[in-house]
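Written below as structure tokens is the structure these notes are about.
Side-chain atoms are counted along with the backbone in the values below, which use heavy atoms only and exclude waters and symmetry mates. A note on names: the letters A, B, ... follow the listed sequences, proteins ahead of strands, and every chain is numbered from 1. Since we're looking at a predicted model, the values are computed, not measured.
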There are 2 protein chains.
Amino acid sequence: MSHLHSNTQINNINNMGIKDSNAFVIREHQFLFKMGDQLEGIYRVNSGSVKIFKTSESGNDQIIRFCMPGDLIGLDGLADGFSRSTVVTLETSNLTLIPFKSILNQDQSRDKNFDYPNFIHQLGVNFNHDIEYSMMLSQCADRRLAWFLINYSDGLKKRGQRANEFTVPMKRTDIALYLGMAVETLSRELATFCKRGLLKKYLRNIELLDIEEIRNIANGNEPQQQQEQKQQDIAA
Amino acid sequence: MSHLHSNTQINNINNMGIKDSNAFVIREHQFLFKMGDQLEGIYRVNSGSVKIFKTSESGNDQIIRFCMPGDLIGLDGLADGFSRSTVVTLETSNLTLIPFKSILNQDQSRDKNFDYPNFIHQLGVNFNHDIEYSMMLSQCADRRLAWFLINYSDGLKKRGQRANEFTVPMKRTDIALYLGMAVETLSRELATFCKRGLLKKYLRNIELLDIEEIRNIANGNEPQQQQEQKQQDIAA
DNA sequence: CGACTGGTTGATGACAGTCAACTGATGTGG
DNA sequence: CCACATCAGTTGACTGTCATCAACCAGTCG
């Protein structure tokens, strides 16, 4: 079984009313733009997937986000038109350019092709991801992995696809760079999840056998360690 | 020397054109809103400071962001009007409510009191913070601390304040929860920075003695360990 | 078939979390 | 104004998790 991806056309994703003339195809493992590039606008993923990452001065990469159909790319460019991140396609993808002028146009009512409320909604969704992702800073490896799996699965369900069995478009190294751990650690955690009967894996294909238990791990509600909820008084 | 804060009125912060009637004062250690609350809009910090945090199901807090004058609060509520995070003031603060209707109004040209381009700019700035913050996932304790110090210092400079000597409004526990480490680890790292002559501290007052060296640490360019920049081929 | 990339497993050491004790600062009531 | 309680911050000892280095296995491609 190969891990070629279906490039499924997603029909139930709001296309923000951008006319299709701005849509284009980009092949796998291509750069969309790099850190420091001046952007023409933001992009929306119609099909395929990309990874957004940032390279530190010391040359280490951190993957910030994987974008699936419906997701927006280049939001950090909203500050001044320059990107602080690099985007590479994971597979052949179809993207739509949403020019800054469509966004910044003071009188949106004139631009019928831009769905402004949905744009704002998407921004909120992105901030929510960032919050969830930030929570990982204090989480150990198994929770990070569990969170990734749940997050990925929930994303598929939202798009009307199978949520308990899927083929991920990224390699282990990418997932590890996303979760902030070594590839070896990720591999070991995956092996542990297998042994515990939580999932099955073959190459990039993953079948979640016990989603609720994985969700418990992600939420820190593991039954076996039974940590006593020490609610500290953070308000004070 | 007390660590009372000046509540400095910031004049060089763009107020987004929101009329002052929406401004209000909120005392220290008060909740602005909690996870799950329905919001009327987003808020802008005029003076003072707040912490934004999220509590996991297992009762652990993660501080997502500290907001200083000019910063926006409640952006995750843009998705559906409900907040996924809790906001508590660190000191007595002055905030301005920016109602969702001012933002979502299709025809911004009618609402002269809302500076839309600046709003978009601020969103980009927030995404940039989130990217920088995400980089911390794979960083060790000393880099996290260095990043925090540089980030805080740069923020002060941007507001026209002293960048090398300041008094932080948050306690050690807050900084530790923000950086995703134990308070003890933070304390030890601070001690190490002192011994290395990088900073002086007294209670919540911090004086940065060698900003460039701290910046080097944050960027992973520590001269003494001289890690060989193994540039891995992430694009492939 | 051989070379390469991607993925897994094992051994080891280092960094950081936890538990505990202690100090210093702040606040309260008598 | 002092005694006491409480909270914030620091330091020490120990342990566990995870990064690192290395070898190895599996799949893919020319």
**Request:** Check the distance between D/dG9's C1' and B/N205's CG and give it to me in whole angstrom.
**Result:** 15 Å
**Message:** Could you tell me how far apart B/E28 (CD) and C/dG27 (C1') are, to the nearest whole angstrom?
**Reply:** 14 Å
**Item:** Worked check of salt bridge (Lys or Arg N to Asp or Glu O under 4.0 Å) between A/R27 and A/E91
**Value:** CA-CA 7 Å; A/R27 292 236 313 288; A/E91 47 188 331; over 6 Å; no
**Asked** Within this structure, what is the CZ-to-C1' distance between A/R204 and D/dA26, rounded to whole angstrom?
**Response** 13 Å
**Request:** Indicate whether any N or O donor in one side chain lies under 3.5 Å from an N or O acceptor in the other, for A/R44 and A/N46.
**Result:** yes
**Asked** Atom NZ of A/K171 and atom P of C/dT5: how far apart are they, to the nearest Å?
**Response** 10 Å
**Request:** Specify the separation, in whole Å, of atom NE2 of B/H29 and atom C1' of C/dT26.
**Result:** 12 Å
**Message:** Quick check on D/dA26: is either OP1 or OP2 less than 4.0 Å from any side-chain nitrogen or oxygen of A/Y202?
**Reply:** no
**Message:** In this structure, how many angstroms lie between the P atom of D/dA8 and the CG atom of B/L186, rounded?
**Reply:** 14 Å
**Asked** Rounded to whole angstrom units, what separation is found between the CD atom of B/E184 and the P atom of C/dA16?
**Response** 14 Å
**Message:** D/dG9, OP1 or OP2 - any side-chain N/O from B/K201 closer than 4.0 Å?
**Reply:** no
Report, one pair per line, the protein and nucleotides 13-18 of chain D atoms (nitrogen or oxygen only) whose separation is under 3.5 Å.
from, atom 1, to, atom 2, distance (Å)
D/dC18, OP1, A/A141, N, 2.6

**Prompt:** In whole angstroms, how far is the P atom of C/dG17 from the CZ atom of A/R143?
**Reply:** 13 Å
